[in-house]
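Bear in mind that the values here come from a model prediction, so they are computed numbers and not experimental data.
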Amino acid sequence: MATTFALYAAVQIAVPMWIRSHLAAADRTVLPIEPDGAPISIQDGDRQIVAHLEEVPGAWVTSQQTLNAAGQPASVPSSFADCLRTQSGPPTLQQVDRCIADLGALGYKQQVTYQPAGNFWALQWAETGLYLSLALALTGFCAWWIRRRVT
């Protein structure tokens, strides 16, 4: 019983975290980092930039990476964090726009990988097929195990 629960829990954790996003071909776009571009938010202090895809409604964003001017994955430079620092409280909107403009001038972009809303049913059917395959495999294993034990 404990083994069954452990396997069930493992599947319920593994499928959403590592498998589901790979069941259908994802789309990828590269967005320039600029004040008037795609809306972005600054997370993890000031070390991570997250772009929000408003032009793709219903998109399921699976990953984001900041790219440097050469198109290579890179972390946000420390100059960005220095630019956002203030003596009194959070930075103003104008200061944030200036820092984002500076980052864009350095050639930084945001690469966003996502599943478009049109992939919803393809993902649903693929995951259903995966679970049915696992159920059939488990049924076959149980039948084999019982026959082996009976004879």
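Using a 3.5 Å distance cut-off with no hydrogens or angles, the side chains of Asn119 and Gln115 do pair a donor with an acceptor.
Minimum heavy-atom separation, His52 to Ala38: O-CB, 4.1 Å. Summarising the geometry of Ala101 relative to Pro35, their closest heavy-atom pair is CB-CG, 3.7 Å, with the distance given to 0.1 Å. Closest non-hydrogen pair, Gln12 versus Pro16, comes out as O-CD, 3.0 Å. In this structure, Arg28 and Tyr114 approach most closely via the heavy-atom pair N-CE2, 4.3 Å.
Both Val11 and Leu130 are part of a single hydrophobic cluster, where members link through side-chain heavy atoms under 4.5 Å apart. In the hydrophobic clustering of ILVMFWY residues, with side-chain heavy atoms under 4.5 Å counting as a link, Trp125 and Leu23 come out apart. Leu31 and Ile33 are not part of a single hydrophobic cluster, where members link through side-chain heavy atoms under 4.5 Å apart. Under a hydrophobic-cluster definition in which Ile, Leu, Val, Met, Phe, Trp and Tyr are linked whenever side-chain heavy atoms come within less than 4.5 Å, directly or via other members, Leu7 and Tyr131 are assigned to different clusters. Follow the hydrophobic side-chain contacts under 4.5 Å out from Ile49 and you reach Val96 in the same cluster.
Here CG of Leu93 is found 10.5 Å from CD of Gln95. Values are rounded to the nearest 0.5 Å. Here CG of Leu134 is found 12.5 Å from OH of Tyr8. Values are rounded to the nearest 0.5 Å. To the nearest 0.5 Å, atoms CZ (Arg85) and CZ (Phe80) are separated by 11.5 Å. In this structure, the separation between OG on Ser21 and CG on Leu123 is 9.0 Å, given to the nearest 0.5 Å. The distance from atom CG of Leu84 to atom CZ of Arg98, rounded to the nearest 0.5 Å, is 9.0 Å. Of the inter-residue distances, the one linking Thr29 atom OG1 with Leu53 atom CG reads 7.0 Å to the nearest 0.5 angstrom.
Using a 4.5 Å cut-off on side-chain heavy atoms (C-beta onward), Asp102 and Cys83 make contact. Two residues are said to be in side-chain contact when any heavy atoms from C-beta on lie closer than 4.5 Å; Thr4 and Met1 fail this criterion. In this structure, Tyr108 and Glu34 have side chains that are not in contact, with every pair of non-hydrogen atoms separated by 4.5 Å or more. At least one side-chain heavy atom of Ile40 sits under 4.5 Å from a side-chain heavy atom of Ile100.
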Stepwise side chain to side chain donor-acceptor pair (under 3.5 Å) test for Gln110 and Gln65: CA-CA 6 Å; Gln110 193 71 7; Gln65 278 189 313; over 6 Å; no
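Annotation: cation-pi geometry not satisfied between Arg147 and Trp144 (NZ/CZ under 6.0 angstrom from ring centroid, within 45° of ring axis).
A distance-only check finds no donor-acceptor pair linking the side chain of Gln111 to the backbone of Leu67 [under 3.5 Å]. Remark: the backbone N or O of Ser75 is not paired with any side-chain donor or acceptor of Thr66 at under 3.5 angstrom.
Annotation for Asp82: atom CG counts as buried by contact number, over 12 foreign heavy atoms lying within 6.0 Å.
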